[in-house]
Amino acid sequence: MSEKQGKANDTAKENEQEKNPWSHTICLPQTEFPMRGNLPQREPEIQKFWEENKVYKKILESRRKSGAPVFLLHDGPPYANGNFHTGHALNKILKDTINKYHTLQGKYVPYIPGWDCHGLPIELAVQKKLANKKDSSDKDPIIIRRESRAYATNFIKIQAKDQSRFGVFWDNSEVETLTPENQFNPSTFYYTMSPQYEASILKAFRDIYSKGHIYKGKKPVYWCPVTATAHAEAEIEYKEAVSPSIYVAFPASHKDLPQESFVVIWTTTPWTLPANLGVSFHPEFSYALYNTPAGHLLIAEGLEEKFFAATNLSFSAKESLSQEQISELTVQHPFLDRESKVLFGDHVTLEAGTGIVHTAPGHGMDDYKVGLDAGLEPYSPVDHYGRYTDEFPLMAGMKVKDANPKILELLQEKGRLIHSSEIRHQYPHSWRSHAPLIMRATPQWFFAMDGLRAEALREAGRTLWIPDWGENRFKAMIENRPDWCLSRQRHWGVPIPAFTCEKCGETHMSTHSLDHIISLVEQHGIEVWFDRAASELLPPGATCEKCGHNQFAKETDILDVWFDSGVSWYSVLKDRDDTPIPADVYLEGSDQHRGWFQSSLWPSLAIEGKAPFKRVITHGYILDEKGRAMSKSLGNGIEPNTDIIPKFGADILRLWVASEDYRTDNTIGMDKLSHLAESYRKIRNTFRYILGNLRDGKEVETLSSRDVTDKIDLYFLNELALLAEEITNAYEKYEFHMVYQKVLHFCTVTLSSQYFDIIRDRLYCDATPDASGSQTAEAARRRSSLSALKIISDALMVYLAPILSFTMEEIFQLTSNGKDSVFSQAWPNVSIWKNDSLAEEFESLWKLKDFANRQMEQLRKNDAIGSSTEAMVEISGQDLSTFSPDEIARAFVVSAVVRDSSLSPGILRVKKAEGEKCPRCWIHAPLTEKGLCPRCSSVVTI
RNA sequence: GGGCCUAUAGCUCAGUUGGUUAGAGCGCACCCCUGAUAAGGGUGAGGUCACUAGUUCGAAUCUAGUUAGGCCCA
């Protein structure tokens, strides 16, 4: 991949040779592998190599043919509405690292990345874009859907490029042909708006429906009475508004209570009182009955002062009520002939009001939830345009925004109004019409949880959670999650294919009708639902079960987008013959404990009766260098595409991913990346040194592992075996930061500082084999080290490939000269080099070397020596008895070691070396008539 | 406000069931080498284990609380 470095090096070398006449007789490192990675330029070439040679695809095919075991990491689809951020990079690189490790373990590892395409954020972005046009196309569902599809398609392609640039292994050839006009059913990736996927969303819905887990209920949503549409959270803006602030008395009776006793509530929405079905108390507050001119009033004691100040009332006596007494109260609606149920809930606070909350389950989320537990209906006698329905005959047809004064009058009349004033507060408004919103219960489709909850807990217990606390968090979430509301009152998504009888209003849905629609969607895509009339979507002869009528209207809600991605196991894995269910791994951010992991689990439980995953791995969030969340307003974000890859390259980003413990939150910043780049260079230079000595592999073509005979080489191969054990174990446990720690330590300390320093002399200066191939003992010593270096670099290259993919491929290409890839290699087994006794033998050697180094440092301070070869060491007769003095001298990188029986064991003495500096190898020794040391004299044959 | 998580040298991480002076790499300082050279080697300085109070003969490790930050809810 590179050839332009050679010349500068050559001239530099010629100059050196002039300085020292012996330089040309020694064997210096030579390599095409540059010291600096220059990754931003080089990586795209390597990516091109992978793509042009179809490396991923070929490995996959050969593994398929050989019947290799499958490892499946199922991709959670990112949302197709922007560039990839660092969080995406973390997620995708982690997945890729895992996949590559298992590929190198010889498995069949298909990676089918996905994209999530429907949903509100895209629809809102499209509407915003369309809003500038005056033709009100932003309100045309057909245009919205068309534009949304184009929008998502665009970002799929952008993110696909980002993903490939990160070095992620997948087949990206197919995605390039995707356009808004060319929507097809891909085999190398998935997207939730493909015709096949949209149809299988409906199939999954049908399967769950047919098993009885889907029902129609009511739930409050933010509703705009002006446009008669539901609003999502994102479409709400809070503005200051003036509302009535009233205290209302609900007649209460109990055997222990006097006549004229009242429960008092406070509300700012009097118009919701006709829908009142309950009064909520806090289960831990203390409540008391106060004797006042307005009657005996029950409020929370904690609000006594505030209440009497606000209402200008005073009390003559008070009496506490127990929680038990409260639960026995019978409470009447203030103006309707109806009981108001006593409820308890944590949503009751002492911040304002009376500590008792007016509860209308059809008009508020808290009210809905507490009502759900108590079995109350989400009652809301208000129509699409915010008018009371006939259910509240007194004011039927009146708009609720005009109703507040009327309700006040009514309360006054009945003597139920304790006090009335006004309040200025933040109130939700529509971002489109700017009108105040109301909450209103509408009919919606639900996925019932209760029938599956026990199974969900069982499956969660069977799943392996990384980190392990994920299990508790997940279980706590599924234990108390309410039924899943599947309906969304939006346009961009898969419709809920339900009908209403035009005559009697009965809902019409059956597996038969669902099957019919599914087959239409498979043929024509999802637009068929919107394009055709109800009669064209129903199977022939469909009639209303209730009244027998045959005219229907389509319902207009779409499915929650979480349902789309939640059935990816169904739509993607089930459809293929090479992807098992459950998948081995689901891996996403920890926010998905509530999101995708759950939306995947529930449908899978309903349809298959088991979880779609064996392991769930979560990573934390990415924070800036100060540990704060990245946000546009803080301006503290950094992006992979613009900030990281152009400056450092993808391998540095990958190294960052590997270096951090992803299970916690992680920080990133330019300083940190610069540090990582330093570590990268350490690793890179370690390889460079090996490659230089191996002459990019040419030097060792005739070598085999049998050539490793020297003790020192065997010792470092044992070190390699220990490392291999540790990092293989770390990969298996998905602890990549341990791989990083161990490998960096191995490169900088074990190899660079220890091993290379020791063998430098023999690599450079020992004899090379003569022309006939025969060799001296010294030549054999050199070959031993070269063979060991080859074994080390071959192994390390593969061990690091899942992390530093680009760099390891670069090295592999340089040394193999083939079309093959480093990723088609097998995980090297180096366990044969394990040697405990040798390791033990060397332990005392390193201890004494430390001792010698400290003494040498003293000599250096005194200007007695410079390099360690200017020193010699005297050791006791007993120390290191299994090593020869020469072996010890080489290991200490000093010129000589002499045994002195007068020294005590463990004590050594460092002195200036005797003899003269050999001009060839720089070791101090008595020189021969050639002017060289004995070893060099024998090597050089002039 | 609730549930869960995180906090060990400037940075990234170790620290097994509580047990001697809390470890490693990077970075930093100083020195050496100049045949890995925008490299390499040696030595060394850095920590009240976020804080507080407990349990214990003994706590980075166990308990409770506090602070800061994060995720999910409300």
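What you see is a predicted model, and the numbers here were worked out from it, not measured in a lab. Residue numbers start from 1 in every chain, and the chains themselves are labelled A, B, ... in the order their sequence lines are given, proteins ahead of strands.
Residue A:F892 contributes atom CZ, which lies 18 Å from atom P of B:G41 at whole-angstrom precision. The separation between A:D863 atom CG and B:G42 atom P is 20 Å, rounded to whole Å. In this structure, the CG atom of A:N853 is 7 Å from the P atom of B:G42, given to the nearest Å. Atom CD1 of A:I803 is separated from atom P of B:U12 by 17 Å (rounded to the nearest Å). Between the CD atom of A:Q754 and the C1' atom of B:G42 there is a distance of 13 Å, given to the nearest Å. Atom P of nucleotide B:C13 and atom CD of A:E735 are separated by 12 Å, given to the nearest angstrom. As a whole-Å value, the separation of A:E870 CD from B:C32 P is 11 Å. Computed from coordinates, the A:L655 CG to B:C26 C1' distance equals 11 Å when rounded to whole Å.
Remark: the backbone N or O of A:C765 is paired with a side-chain donor or acceptor of A:R920 at under 3.5 angstrom. A donor-acceptor pair under 3.5 Å is absent between the side-chain atoms of A:H363 and the main chain of A:A360, judged by distance alone.
Counting only residues at least two apart or in different chains, ring-ring contact (aromatic ring centres under 6.0 Å, His included) contacts with residues 674-695 of chain A comprise A:Y689-A:F756.
Taking the centre of each ring, A:F474 and A:W465 come in below the 6.0 Å mark. When ring centroids are compared, A:Y764 and A:W922 stay outside the 6.0 Å threshold. In summary, the aromatic rings of A:W596 and A:Y586 are positioned with their centroids under 6.0 Å apart.
At a cut-off of 3.5 angstrom, counting only N and O atoms as typed in the model, there is a donor on one side and an acceptor on the other between the side-chain of A:S752 and the base of B:A36. A donor N or O paired with an acceptor N or O is not found under 3.5 Å between the base of B:U12 and the side-chain atoms of A:E660. No hydrogens or angles were tested; on distance alone, nothing pairs the side chain of A:Q741 with the base of B:G25 as donor and acceptor under 3.5 Å.
Base engagement by A:N685 is indicated by at least one non-hydrogen atom pair under 4.0 Å involving a base atom. Nucleic acid contact for A:Y621: sugar-phosphate only, since backbone atoms but no base atoms lie under 4.0 Å from a heavy atom of the residue. Here A:K742 lies out of heavy-atom contact (under 4.0 Å) with every strand. Contact annotation for A:P919: base contact, defined as any heavy-atom pair under 4.0 Å involving a base atom. Among the atoms of the strands shown, none is found under 4.0 Å from any heavy atom of A:K475. Contact annotation for A:G866: backbone-only contact, meaning every heavy-atom pair under 4.0 Å involves sugar-phosphate atoms and none involves a base. A:R481 comes within contact range of no nucleotide atom at all, as no heavy-atom separation falls under 4.0 Å. A:I26 comes within contact range of at least one nucleobase, with a heavy-atom separation under 4.0 Å.
Side chain of A:V749, nearest nucleotide from B:G25, B:C33, B:C11: B:G25. Nearest to the side-chain atoms of A:E857 among the listed nucleotides B:U37, B:U12, B:U43 stands B:U43. In this structure, of B:C13, B:C71, B:A36, it is B:C71 that holds the atom nearest to the side chain of A:A629. Among the nucleotides B:U37, B:U6, B:C72, the one closest to any side-chain atom of A:T664 is B:U6. The listed nucleotides are B:C72, B:U12, B:C26; the one nearest the side chain of A:K672 is B:U12. Here B:C71 is the nucleotide among B:A36, B:G35, B:C71 with the atom lying nearest to any side-chain atom of A:D591. Of the candidates B:C32, B:C13, B:U34, the closest approach to any side-chain atom of A:S867 belongs to B:C32. When distances run from any side-chain atom of A:M738 to the nucleotides B:C33, B:C13, B:U12, the shortest one goes to B:C13.
Pair assignment for B:G44: B:C28, on the basis of Watson-Crick or G-U wobble contacts that are both within less than 3.5 Å. Pairing partner, B:G1: B:C73, with both Watson-Crick or wobble hydrogen-bond distances short of 3.5 Å. Partner assigned to B:A60 is none, using Watson-Crick or G-U wobble distances below 3.5 angstrom. When both distances must be under 3.5 Å, the Watson-Crick or G-U wobble mate of B:U6 is B:A68.
B:U67 and B:U48 have their P atoms separated by 23 Å, with the value rounded to a whole Å. Taking atom P in both B:A64 and B:C72, one finds a spacing of 26 Å when rounded to whole Å. Between the C1' atoms of B:G10 and B:C28, the separation comes to 8 Å (whole Å). Rounded to whole Å, the separation between the C1' atoms of B:G23 and B:A14 comes to 7 Å. For the P atom pair drawn from B:G46 and B:A68, the interatomic distance equals 32 Å after rounding to whole Å. Spacing between B:C49 and B:A60 at atom P, rounded to whole Å, works out to 7 Å. B:C73 and B:G27 have their C1' atoms separated by 41 Å, with the value rounded to a whole Å. When the P atom is compared between B:G3 and B:A9, the two are found 29 Å apart, to the nearest whole Å.
Under the stacking definition used here (centres under 5.5 Å, planes under 30°), the residue A:F756 fails to qualify as stacked on the base of B:G41.
Between A:T31 and the options A:T815, A:N693, A:D696, a side chain to side chain donor-acceptor pair (under 3.5 Å) holds for only A:D696.
A salt bridge links A:K475 with A:E471: the closest approach of a Lys/Arg side-chain nitrogen to an acidic carboxylate oxygen falls below 4.0 angstrom. Remark: A:R782 does not engage A:D761 in a salt bridge, criterion side-chain N to carboxylate O under 4.0 Å.
Sequence order on RNA chain B of the closest nucleotides to A:S590 and A:S753 puts A:S753 first from the 5' end. Heavy-atom nearest nucleotides on RNA chain B were determined for A:H737 and for A:R36, and the one closer to the 5' end corresponds to A:H737.
The glycosidic torsion of B:G46 lies within 90° of 0, which places this base in the syn conformation.
Listed pair A:R760 / B:A36 meets the phosphate criterion, a side-chain N or O lying under 4.0 Å from OP1 or OP2. For the pair A:Y764 and B:A36, the criterion of a side-chain N or O lying under 4.0 Å from OP1 or OP2 is met. Regarding contacts with the backbone of B:C30, every side-chain N or O of A:R860 stays at 4.0 angstrom or more from both OP1 and OP2. A close approach under 4.0 Å does not occur between any side-chain nitrogen or oxygen of A:S674 and OP1 or OP2 of B:C26.
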List the atom pairs, donor and acceptor, that lie under 3.5 Å between side-chain atoms in residues 737-754 of chain A and the rest of the protein, sequence neighbours left out.
| unit_1 | atom_1 | unit_2 | atom_2 | d |
| --- | --- | --- | --- | --- |
| A:Y740 | OH | A:S679 | OG | 3.1 |
| A:T748 | OG1 | A:L744 | O | 2.8 |

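The closest side-chain donor-acceptor pair between A:T359 and A:D367, if any, does not fall under 3.5 angstrom.
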Polar atoms only, N or O, under 3.5 Å: list the protein pairs with nucleotides 1-4 of chain B and their distances.
| unit_1 | atom_1 | unit_2 | atom_2 | d |
| --- | --- | --- | --- | --- |
| B:G3 | N2 | A:R473 | NH1 | 2.9 |

Before you tell me yes or no, could you show the steps for A:D651 and A:R684 under salt bridge (charged side-chain N to carboxylate O under 4.0 Å, His left out), namely the whole-Å CA-CA distance, both residues' side-chain angles and the distance that decides it to 0.1 Å? CA-CA 11 Å; A:D651 264 0; A:R684 188 176 177 93; over 6 Å; no

